[in-house]
Amino acid sequence: MKLMVINGPNLARLDIRDSSIYGDLNYDQLKALIQGAAKSAGFDVEVLQSNDEAEIISWLHKAADEQCPVIINPAAFTHYSYAIRDAAELVKAPLIEVHLSNPMAREEFRHTSVISGVANGTIAGFGPNSYVLAINALKAMLG
Ligand code: DQA
């Protein structure tokens, strides 16, 4: 089964972001971890990253059209992008929100997710393992 993993803004620059918050993996290493975990779980995965809200919306439309499950880390868009929320709502296959850090334990503006209400579930705070947990949760959901 196909799986789309969508990463939002600044996640391709994990190499220069605060490693005490986001962990030690750079984006290529994170991508390899996701690809390995997805393959082991039997998914044919596409791992995407964009700093552009419109591009993320187009990928969600594609997932909706193809009935493709989605794991999404919307990054800062999590906290204010109603456009990404509305696009995520169109995805009828399972959609899981993930975060490397635990936004609830950080600044107040990160305590709001406009995405959670249209996600099947949220996994946050486990570093790169958040993605692995999401892949396994998805596998269990899809049977
Ligand atoms: C993040 C948390 C967001 O608040 C932040 O803007 C990010 C990354 C995470 O994975 O922990 O860019 O989504």
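Numbering of ligands and ligand atoms starts at 1, following listing order. FYI, the numbering just counts along the sequence from 1.
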(message) Give me the nearest non-hydrogen protein atom to atom 8 (C) of ligand 1 as residue plus atom name, then the distance to 0.1 Å.
(response) Tyr22 CE2, 3.6 Å

(message) Checking the side chain of Thr78 only, and the main-chain atoms of Ser113 only, is there a donor and an acceptor separated by less than 3.5 Å?
(response) no

(request) Could you check if a side-chain atom of Leu3 sits within less than 4.5 angstrom of a side-chain atom of Ile71, using non-hydrogen atoms only? (result) yes

(request) Ignoring hydrogens and angles, state whether a donor on the side chain of Tyr22 or Asp15 is under 3.5 Å from an acceptor on the partner side chain. (result) no

(message) Can you see whether Asn51 engages Gln49 through a side-chain donor-acceptor pair at a distance of less than 3.5 angstrom?
(response) yes

(request) Name the closest protein heavy atom to atom 1 (C) of ligand 1, giving the residue it belongs to and the distance to 0.1 Å. (result) His99 ND1, 3.7 Å

(request) Using a 4.0 Å heavy-atom cut-off, say whether Arg13 meets ligand 1 through its side chain, its backbone, both or neither. (result) neither

(request) Would you check whether Arg106 has a nitrogen or oxygen atom less than 3.5 angstrom from a nitrogen or oxygen atom of ligand 1? (result) no

(request) Can you pull out the closest protein heavy atom to atom 4 (O) of ligand 1? Residue, atom name and distance to 0.1 Å, please. (result) His79 NE2, 2.7 Å

(request) Compare every heavy atom of Asp24 with every heavy atom of Ser19, then report the nearest pair and how far apart it is. (result) CB-OD1, 3.7 Å

(message) Among all protein heavy atoms in this structure, tell me which lies nearest to atom 11 (O) of ligand 1, with the distance rounded to 0.1 Å.
(response) Ser101 OG, 2.6 Å

(request) Measure the shortest side-chain to side-chain distance between Leu138 and Ile96 over non-hydrogen atoms and say whether it is less than 4.5 angstrom. (result) yes

(message) Using heavy-atom distances only, which candidate in Val98, Thr78, Leu100, Ile115 approaches atom 10 (O) of ligand 1 most closely?
(response) Leu100

(message) If the cut-off is 4.0 Å to any non-hydrogen atom of Arg17, which atoms of ligand 1 fall inside it?
(response) 7 (C), 12 (O)

(request) Report the part of Arg110 (side chain from C-beta onward, or backbone N, CA, C, O) that has a heavy atom under 4.0 Å from ligand 1; answer both or neither where that applies. (result) side chain

(message) Distance alone, cut at 3.5 Å: any donor-acceptor contact between the side chains of Ser20 and Asp18?
(response) yes

(request) Return yes when Asn73 approaches ligand 1 closer than 4.0 angstrom through a heavy atom, no otherwise. (result) yes

(request) Answer yes or no: does an N/O atom from Pro103 fall short of 3.5 Å to an N/O atom of ligand 1? (result) no

(message) In the structure I gave you, are the side-chain heavy atoms of His79 and Val114 within less than 4.5 Å of one another anywhere?
(response) no

